[in-house]
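Worth knowing before you read on, the calculation uses all heavy atoms, side chains too, and leaves out hydrogens, waters and symmetry mates.
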Amino acid sequence: MTLRHKAFSAVFKAIALTRADRWGRGSAQGAGVILTLHHVRPASPAGFQPNRLLEITPEFLDLTLTLIRAQGYDIVSLDEAVARLTSNRQSRFFVALTFDDGYRDNLDHAWPVLAKHEAPWTLFVTPGFADRSARLWWLELEEAIRVLPRIALELPDGGFAARTETDAEKLHAFTTLYWRLRKQPEAILLAAISALAQQADVDSAALTERDCLPWETLRAVSGAPGVTIGAHTLSHPILAKHEAEIARGEIVESKARLEAELGIPIRHFAYPVGDPGSAGPREFKMAAKAGFASAVTTRPGHLFDAHARHLHALPRVSLNGHHQSEEAVRALLSGLPFLLWNRGRRVNVG
């Protein structure tokens, strides 16, 4: 667990001990919150799980939805969330549920829980994952390091070498290399991970086939009650690292491709990675011009009335695999951790 996650864990415990989630949420909670999820599946016993933050168990999802209902909050679609933000009417606090990338386990393990709670949800789909042309490069990196006892790479900013025999060594190598590559142009990131995957005999297309929904399933899901399909670019690039023409094409063409494949309007968009280094004002304007009703980031925060003027830079709150507890859910729903994280700012779009 990183220092950031340890800090959040400490905040969750402090909020639980002081019961601040009850008495302090009035100033921090806002109108609603959009939750970010990726994988939902049974827990794995594996010791090396560097991407564990991206997955929660079905039991934790059930606990989360039970708590939301018990608090008297509404669970709404993204269309309804936008409608509430842009109206002048007062309404109950609302929660919108969003799932990024289009994973098979969202149907196998999340959907039955969502149906039990009659909860609408949005699935943000990357067409390149559906047709197996895009890469889950963060999983390729995980699988390569899992296999290799040692890694060595030549990078433009110098060599990288590490022993990866134990789980602890593997996790250290993954974390160090991941963040080093994230600072590079995306072409360098992808080439470096391809080199490791080749050494480890990791099949990129097989990983995507294993984890991501195919078009035929997406077509069936897209017409189901309570399910909204949104766009998540064509190939899941870090948009801010690319020239404007490429970024614009990824945004615009993902909408067109999904509408052509699924035969439905695509109204909502999610920025890949979604932090300030991945999407900013340039990308927000592109999403608005592309005709999306909203676009969501991964900048942490709740929704306030002022977000009605920033519908293409909406914050979200991650249901994180490192924090699968009732105290974490109560703290997240209170909004207090994010008022602290954002230093009192309710809107963070810079």
Side-chain angles (χ1 to χ4, degrees), residues 34-44 51 54-62 64-65 75 77-79 96-140 142-143 202-237 250-272 274 292 295-296 316 319 321:
I34 303 172
L35 297 182
T36 310
L37 301 93
H38 289 81
H39 291 286
V40 178
R41 56 194 179 193
S44 167
N51 288 300
L54 297 177
E55 61 180 81
I56 64 170
T57 66
E59 292 78 16
F60 180 60
L61 178 59
D62 186 47
T64 299
L65 298 181
I75 302 177
S77 67
L78 270 185
D79 280 332
L97 303 166
T98 62
F99 295 74
D100 287 7
D101 300 337
Y103 293 118
R104 292 180 185 270
D105 55 57
N106 294 171
L107 267 60
D108 296 338
H109 299 293
W111 203 0
V113 179
L114 295 162
K116 170 186 170 182
H117 291 273
E118 298 182 340
W121 56 292
T122 295
L123 182 66
F124 285 115
V125 174
T126 297
F129 294 153
D131 60 26
R132 313 322 189 207
S133 61
R135 294 171 53 189
L136 299 163
W137 56 261
W138 54 98
L139 293 184
E140 291 178 32
E142 176 180 342
E143 294 304 319
V202 172
D203 186 332
S204 171
L207 282 179
T208 310
E209 174 66 31
R210 181 194 73 186
D211 281 7
C212 295
L213 292 164
W215 284 116
E216 55 267 28
T217 307
L218 288 168
R219 292 187 188 100
V221 171
S222 65
V227 180
T228 298
I229 302 294
H232 199 35
T233 70
L234 279 174
S235 63
H236 205 275
E250 285 278 345
I251 293 170
V252 172
E253 292 172 27
S254 65
K255 186 177 193 296
R257 179 77 190 282
L258 286 169
E259 289 179 341
E261 292 283 354
L262 305 180
I264 58 172
I266 302 297
R267 292 175 39 79
H268 305 282
F269 181 81
Y271 304 99
F292 290 104
V296 296
R316 290 190 288 176
L319 280 189

Tell me the side chain to side chain donor-acceptor pair (under 3.5 Å) pairs involving [range], sequence neighbours left out?
range            : answer
residues 205-214 : Arg104-Glu209, Arg132-Glu209
residues 113-122 : Asp62-Lys116, Asp62-His117
residues 213-223 : Arg219-Glu261

Hey, does [Y] have a side-chain heavy atom less than 4.5 Å from the side chain of [X]?
X      : Y      : result
Leu37  : Leu61  : yes
Leu258 : Leu218 : no
Cys212 : Leu136 : yes
Lys255 : Phe292 : yes
Arg316 : Asp100 : yes

Task: salt bridge (Lys or Arg N to Asp or Glu O under 4.0 Å) contacts touching residues 224-237 (sequence neighbours left out) - done: none

Can you measure from [atom1] ([X]) to [atom2] ([Y]) and round to the nearest 0.5 angstrom?
X      : Y      : atom1 : atom2 : result
Leu207 : Glu142 : CG    : CD    : 9.0 Å
Glu259 : Ile264 : CD    : CD1   : 8.0 Å
Leu97  : Leu319 : CG    : CG    : 8.0 Å
Glu140 : Asp203 : CD    : CG    : 9.0 Å
Thr98  : Phe124 : OG1   : CZ    : 5.5 Å

- [ ] Tell me, with the steps shown, if Leu123 and Leu213 meet side chain to side chain contact (heavy atoms under 4.5 Å, CB included).
- [x] CA-CA 11 Å; Leu123 182 66; Leu213 292 164; 4.0 Å; yes

Any sub-3.5 Å donor-acceptor pair from [X]'s side-chain atoms to [Y]'s backbone N or O?
X      : Y      : answer
Asn106 : His38  : yes
Thr126 : Leu234 : no
His232 : Ala270 : yes

TODO: Check the angle between the aromatic planes of Trp138 and Phe129 and answer parallel, tilted or perpendicular using the 30° and 60° thresholds.
DONE: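 Correct class here is perpendicular.
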
- [ ] Taking all heavy atoms of Thr233 and all of Pro127, pick out the closest pair and write down the distance.
- [x]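 Nearest pair, atom of Thr233 first, then Pro127: O-CD, 3.0 Å.
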
Open item on the list: Just to verify, what does Ser235 make a side chain to side chain contact (heavy atoms under 4.5 Å, CB included) with, not counting sequence neighbours?
Closed with: Ala134, Pro237, Glu250

- [ ] Taking side chain to side chain contact (heavy atoms under 4.5 Å, CB included) as the test, write out the residues that go with Ala220, two or more places apart.
- [x] none

Task: Criterion side chain to side chain contact (heavy atoms under 4.5 Å, CB included) on Arg257 and Asp131, from CA distance to verdict - done: CA-CA 11 Å; Arg257 179 77 190 282; Asp131 60 26; 3.1 Å; yes

Task: No-hydrogen, no-angle side-chain donor-acceptor test under 3.5 Å, Ser77 and Asp79 - done: no

- [ ] State whether a side-chain donor-acceptor pair under 3.5 Å links Asp101 with Tyr103.
- [x] yes

